[in-house]
Amino acid sequence: MDISQSLDLDALSGMDSPIHNLEGRIKLISTLMIIVYCVCSTQLLVPLVLEIFLLVVIYIAGLSYKDSFKRIAMLLPFAGFIIIFQPFVHGGIVLWQGPFPWLHITDTGLNWAIILTARLIVSLTAIVVLSSTSPMNEIVQSLRKLGMPKDFAMILSIMVRFLFIFVDELESIRVSQKSRNFDIFSKITPYKWRVKQVGYTIAMMFLKAYEKGERTYYTMLARGLSDNSDMFHVKSIVAKPELFYIGSLIVIILILQLILIFAPDHFGFLTTVLYK
């Protein structure tokens, strides 16, 4: 997937659906609730039910499962690299012994890797759903309404705008390189020369993005920009759809917690505490 396509979520977040039309603070709070509750869980039943809930939300929002899973797959390797080593670094009953004494898989490490993977998938799914149903400006304004300091909200808002400027500059540089038949993987040119050209490209990309960002910032100041400016107006009324959405999530969390407390043996491995 191209970097510009992965970052350009305006088309998705601007769709019309019951999820897209929810108030921004409700979507943000719901996402935080899902992530916090899932991270605090030690049984697989919690991430399984929450993932099913998020898949239903994706369906109601009219999002593509294929595109959503692609975005999750793009983010998964960043934390998935840590999960790979978990079965080998924890103590416990040895399930597999390698040719070296230090190379073995334990039950504690394997359980930790399983629950960590489940947590990661649910958290990434929640973030993808939020970013696909809420414009970035709406998220910033929602954070501001929830009490984020104005300076932080302003910095975040400007960063969101300059991020796309950065990507545009990168794309223009890549087009220029292709027009000159530059290929980083080419075997014709020396390796050191290619590395040097990539370094020049990165430096030029930052310089051009910085210069364009400065011009954009001064242009915004000339139009009356300040820390009190409302540059993006979002829905601010919490109506029945918002109450139903967050109420459904709260009910699901309460039911899950009651099951884990009073009936932990009725779901087998799903309600087994994988680590303490």
Closest non-hydrogen contact found for T125 with I121 is OG1-O, 2.6 Å
Give, for atom CD1 of I19 and atom OG of S132, the distance between the pair rounded to the nearest 0.5 Å.
-> 12.0 Å
Heavy atoms, side chains only, cut-off 4.5 Å: are F53 and I34 in contact?
-> yes
Determine, using the 4.5 Å side-chain heavy-atom cutoff (strictly less than), whether I35 and L116 are members of one ILVMFWY cluster.
-> no
Rounded to the nearest 0.5 angstrom, the CD-CG distance for E242 and N21 is 9.0 Å
Search all heavy atoms of I83 against all heavy atoms of A113 and return the closest pair with its distance.
-> CG2-O, 3.8 Å
To the nearest 0.5 Å, atom OG1 of T133 lies from atom CD1 of I60 at 11.5 Å
Non-hydrogen side-chain atoms of E23 and K145 separated by less than 4.5 Å = yes
Taking all atoms of both residues into account, what is the closest heavy-atom pair of V122 and L54, and its distance?
-> O-CD1, 3.6 Å
With a 4.5 Å limit on heavy-atom distance, are the side chains of S134 and K27 in contact?
-> yes
Around L258, counting heavy atoms of other residues, nucleotides and ligands shown, do more than 12 lie under 6.0 Å from its CG?
-> yes
Is the closest side-chain heavy-atom distance between L22 and P241 below 4.5 Å?
-> yes
Could you give all pairs that pass the side chain to side chain donor-acceptor pair (under 3.5 Å) test and reach residues 104-113, with sequence neighbours left out?
-> Q86-W112
State, yes or no, whether a side-chain contact exists between L75 and L120 at a heavy-atom distance under 4.5 Å.
-> no
Nearest 0.5 Å, what's the SG-CD1 distance between C38 and I115?
-> 7.0 Å
Ignoring hydrogens and angles, state whether a donor on the side chain of Q43 or T272 is under 3.5 Å from an acceptor on the partner side chain.
-> no
In Å, rounded to the nearest 0.5 Å, how long is the span from CD1 of I52 to CD1 of I252?
-> 9.5 Å
Non-hydrogen side-chain atoms of L260 and V46 separated by less than 4.5 Å = yes
Does OH in Y65 sit with more than 12 non-hydrogen atoms of other residues, nucleotides or ligands closer than 6.0 Å?
-> yes
Minimal heavy-atom distance between I253 and Y37, with the atoms involved, is O-OH, 3.8 Å
Taking C-beta and beyond as the side chain, do L63 and M15 meet within less than 4.5 Å on heavy atoms?
-> yes
What closest approach, in Å, do R180 and S176 show between heavy atoms, and which atom pair accounts for it?
-> NH1-O, 3.0 Å
Can any side-chain N or O of R119 pair as donor or acceptor with the backbone N or O of V39 at less than 3.5 Å?
-> yes
Cluster check I127, L32: I/L/V/M/F/W/Y, side chain < 4.5 angstrom | no
Heavy-atom side-chain contact between I259 and H266 under 4.5 Å | no
